[in-house]
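Because the structure is a prediction, the values reported are computed rather than measured. Throughout, a chain's letter reflects where its sequence line sits, starting with A, and its residues are numbered from 1.
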Amino acid sequence: MDPRYDPAVIEAAAQERWRRERAFHVVEEPERPKFYCLSMFPYPSGKLHMGHVRNYTIGDVITRYQRMRGRNVLQPMGWDAFGLPAENAAIANGVPPAKWTWDNIAYMRRQLQSLGFALDWEREIATCDPRYYRWNQWLFLRLLERGLVYKKTGTVNWDPVDQTVLANEQVIEGRGWRTGAVVEKREIPMYYMRITAYAEELLAALDSLPGWPERVRIMQANWIGRSEGVEIGFPYGAGAGTLNVFTTRADTLYGATYVAVAAEHPLAVRAAADNAELAGFVERCRQGSVMEADLATLEKEGMDTGLQVIHPLTGDRLPVWVANYVLMGYGEGAIMAVPAHDERDFEFARKYGLPIRQVISNAIEERRRRGDADVAGPENVRFDFEVTLWKPWYAEQEGEVTSFCVNSGPLDGLPHQAATDRIAALLEEKGLGRKRIQFRLRDWGISRQRYWGCPIPIIHCAVCGEVPVPDEQLPVVLPDHLVPDGSGNPLSGDHAFLDCKCPGCGAAARRETDTMDTFVDSSWYFLRYPCADQSRAMVDERTQYWLPVDQYIGGIEHAILHLLYARFWTKAMRDLGLIGIDEPFSNLLTQGMVLNEIFLRRGEDGRITYFNPADVDLETDARGQRTAARLRADRLPVESDGMGTMSKSKNNGVDPQALVDRYGADTARLFIMFASPPEQTLEWSDAGVEGAYRFLKRLWRLAADHLAAGAAGAVNAAALTQAQRDLRRKIHETIAKVDDDIGRRCTFNTAIAAVMELTNALSRADDPTPAGRALMREGIEMSVLLLSPIVPHITDAIWRELGHTGSLMDARWPVAEPGALTRSTVDLVVQVNGKLRGHVAVAPGAAQEDIRAAALGNADVRRFTDGREIRKVIIVPGRLINIVVA
RNA sequence: GCCGGGAUGGCGGAACUGGUAGACGCGCCGGACUCAAAAUCCGGUGGUGGCAACACCGUGUGGGUUCGAUUCCCUCUCCCGGCACCA
C-alpha cells in the first residue's frame, strides 16, 4: 500500500469503476424494502455552490448508509431549469436562456459526478425539457376541467417605464431594478390553482408527518392560518345590500366605531369616483410593491370615504374609511374596527381622532372599580382601561386574567366564546351574519408574464373565448431561440409561437403567452424520477413503487412555499387517481445555510468594496485571538462584517471546485459534514478544511502502517487482556454510536467525532501481540465501514488494500457486539449540593445502599459533608449521586 | 410588522430524556525530528486566584421552577430564515 494518500488518483479510480459498473443505477425490486432518498434539485445557475455540496452530501450519506443496511435505494438528480436568472443572463449577455441553461446543466453535472455522489443518472430530468413540462400542461388541463384551476385578477408589480411585470426580487426600495421608476400595483387576469380547496386537509395532515421538523409543521400551520370567526354584514342603509367583514372577535362588535376597507375594495373605488381627494389617496396606495413585508411596516394611513354603514345590532351609523393596513387578499378586504381591543385599530383611531369604546373588561379591573380593597395596589394599576395608552390585556380573549364583555347590551358579563356564540345567533336571526371558517392561505396564482417557463396551454379565440389546448396537441413547446431584453415577454412578438387555429371553430387564434410559476415544475418532479423515460403518461407503476419519498433533504428556506405546493399537487393527483399516496415526503431534513466571513473596505465616497476571504490573511496574538485582517495583495487592513450567507454581492463565496481540485472530494465532504449538524448554519473555515484533510491522511497512514507489518488474524474475544478488552469496547461503542448518529439522529458531525476518537485510540494502542494486531485490523475495518457513507473514495481504496474483493458500497453495515460492550465497573459522579466533588467506581447494578455508602465514604466528598447535616441523597442509576447538606 | 429558529472557550461545535459543561476538530503555547523550514509526531490549553493541592466563577440579558438547568417557564437584546413573482 502506497504510504502517501493521493486523493486525485484514488478518487478518479473509484469514480471510473462506479461508472463502468453502473453502480448507482437501481431497478424496482418489489420483494426488497425500498428507500427513496431525495435532495431538492438545483437551479442550474452556472456552477455548484457550497449549499449544494452540503445538501447533496447529506443525501449521499443517507443513501449509502441505507444501501449498506440492505435497502434498495433510489437517489436521483435533475434540474429546476426554468426561471428568472436565465432571463437575467440573457439580458446581460444576449445568450438565449435555453443555451445558457443547458450549458450550465452540462457543467454542473460533471461537478456532481466529481464529488462521488451515488446518483442514478439514468433517471435525470430537466423541467425545461418538453418531455417533462408537457405533463405540467396536461395536469393543468385536468385541474381546469375539475374547477381546481380558474381565472381571476391578481395584483402584480408594474414597472411603468419598461412596461413590464416585475418579480418582488426586482423591486428595490419600491423602484424597478433596471429603470429606477416607482413601481405601481396593477390588476391583471391570471390563472389560479384552488389550493384553498385542500386547506383543511393540508392542515390536518401535518399531524400525520412525525418525520417532519416541528418548526416546519408549525410554520405551515400558521401559513394556512385557519381561524374560526363570524362574517358580519353592515347594511349600507338605503336597502342596497351590506358591507361584509370577517372577524375572529365578534364579541367586540359593540365596540366597533368605524369600518375600514382596502384601497382596492369596490366600495373604495366607487367612493373615489366622485371624490378627488380620496381618489388621490387610493392612487397613493397603489404605489409601491405588493410584498406583505413592505405593507406590514408601512405607517398606518387612511381617509374617510364619507360613506356610512349601519351597525347591525345598535343601528348606529359608522363611518367607512379606506385604510392601507387592510389587505384586499384576506377575508373580505374590509374590517370592523374596534380600537379599544385591536392594536392596529387603536393606533389608527388615535391618529385620526376616531372614537374608542371599551367593551371588554376583566375581573381584576371590575373588582377595583367596585372598591374591593384586596386588589387595590400598584401591581394592579395596569388593569385600568386607558384611552390614550395601549395595553396588551385589551386584546386578551380568555387566559389567566378572565375577561368578559361590558357596554355590550345583551353580551354584558359573557366571556369570549359565549359572547361570540350569542352574537352569531343574534346576527343570524337578522340575516346579517353567520359563523364561518377563514383561512389565511390564498389560492395560488400561477401565471407569469415571462418567457422562460412552461407555456400555459390555452388558446384565445375571438369567437370561442379561452379554449384549452386539446391533449393530442400537447406539449405546447416553448421556442428556445428567443432572447428577452427586459421590456416584456418576447413570446408576445413571436408569431411562430403566437399564431394558431382555434381548436373549437378553426378560426385564426392566438396562444396564451403567460407561462407557469416555476413552483409548478418543482411540485411534482419527485413523482417523475421513477418513470423519467415514460412518454405515454405523467406517472406509472414505478412511481407507485418508489413513493413516498423516505427522506427529503433541502434548505430551510423552502419550509413553506415549495413544500406546501408539493403537498397540494400530490393530493390533487391522488384525487385524479394518478397516484395512491396522501403525502409525498415521509421524513424531512431541513439543512441550514452555509455562511462565510465578510470582509470589506469603505471608500471615502462611502462606497463599499468586498474582498473574498481567500484573499485575506488573519493575524492572531499569542492566545490565538484575532488582532488584524489584511488583504494579501496590499498588506493593508480590511474590516470584518461578521458572518453572512455566501453570496456574489458580498464576495464571500468559496468555490467547491477549487476545494475538490486541491484536497479531493472526500475532504470537501468530510469537512462539510463535520463542521456543524445539518440543520444548523455552517460557518466556512479554511483551517477546518485542512483539519479534515489531515484526518484522512492519518487514517490512510494508520491502515498503511498496519498492512506494512504483515497479516493479522481474527479477534478471539475470550482471550484478551484488560487493555485489549477496553479497546475492543471502544470499537463496538463507536459502532453503536455512529449507527445511531447517522441512522436516527442525522448528526453526522458527532458520528465523525466518534470515529476520530476511535482512530486516536487505535494509533495510541501500539500492541504488537497477535491479539493486538487482530484488534487493530478490526478497528481499522470498522472505521472504514463507518466512514464509507461520508468519504466513499478513500474508504473504498483502503477496503481493497485490506484484501476485500467485494464492493464496499454493498458491504454489510456493522452491528455492535453486545458482549464487547459490557463493563466491569461503572464510574459514578458524586455531587454535594449539586456541585461535583468526587467519583466512585461501583459494579454495574450495585445496590442503592452500597452506592450510597461508597459515595458518603468517599474522601473527596467527606471534605464537604463532614460536620454538616445530610438532608437527602439522590441516586440517579448509572449516572450520579447528589448529597444535599444543610 | 407577523410567523419560525438561533446565541456555549480565541474559533466551529459536544453534552440525545432535567444529572460530570467544553467530546471531536481548528487555533495557540511548549517539546521531538531537521543545518533550517514545511510536513509529521508527543504534551498542554474556559476564566480568575494559588508554588501546589485546590477553590471560586462560567452556557447572550434579567428573573423563576428544581436536590440539580446549556436543557423547562417568563422578560429583554442581538443574529438568521420565510412573508405568496428569487429559487
- Query: Looking only at side-chain N and O atoms, does A:T518 come under 4.0 Å of OP1 or OP2 in B:rA87?
  - Reply: yes

- Under 4.0 Å from any atom of RNA chain B, heavy atoms only: list the residues of residues 741-757 of chain A that qualify, in numerical order. A:R744, A:R745, A:N749, A:T750, A:A753, A:M756, A:E757

- Task: Identify whether any heavy atom of A:V165 sits under 4.0 Å from a base atom; if not, whether one sits that close to sugar-phosphate; answer base, sugar-phosphate or nothing.
- Result: base

- Does a nitrogen or oxygen in the side chain of A:N760 sit under 4.0 Å from OP1 or OP2 of B:rA23? no

- Message: With a 4.0 Å cutoff (strictly under), does any side-chain N or O of A:Q680 reach OP1 or OP2 of B:rA14?
- Response: yes

- Between A:V156 and A:D860, name the one whose nearest nucleotide on RNA chain B is closer to the 5' end. A:D860

- Report yes if a side-chain nitrogen or oxygen of A:R871 is closer than 4.0 Å to either non-bridging phosphate oxygen (OP1 or OP2) of B:rG68; otherwise report no. no

- Against the side chain of A:V829, the closest entry in B:rU20, B:rG81, B:rC83 is B:rU20

- State whether A:R837 places a side-chain N or O below 4.0 Å from either non-bridging phosphate oxygen (OP1 or OP2) of B:rU20. no

- Query: Reckon A:R442 touches a base, only the sugar-phosphate, or nothing at all at heavy-atom distances under 4.0 Å?
  - Reply: base

- Task: Can you tell me which stems RNA chain B forms, taking runs of 3 or more consecutive Watson-Crick or G-U pairs with both distances under 3.5 Å?
- Result: B:1-7 with B:77-83, B:10-12 with B:24-26, B:27-32 with B:40-45, B:46-49 with B:54-57, B:62-64 with B:72-74

- Message: Using OP1 and OP2 only, check whether a side-chain N or O of A:K835 sits under 4.0 Å from B:rG68.
- Response: no

Could you go through nucleotides 1-4 of chain B and list every protein N or O atom that sits under 3.5 Å from one of its N or O atoms, giving the distance for each pair?
{"unit_1": "B:rC3", "atom_1": "O3'", "unit_2": "A:N222", "atom_2": "ND2", "d": "2.8"}
{"unit_1": "B:rC3", "atom_1": "O2'", "unit_2": "A:N222", "atom_2": "ND2", "d": "2.9"}

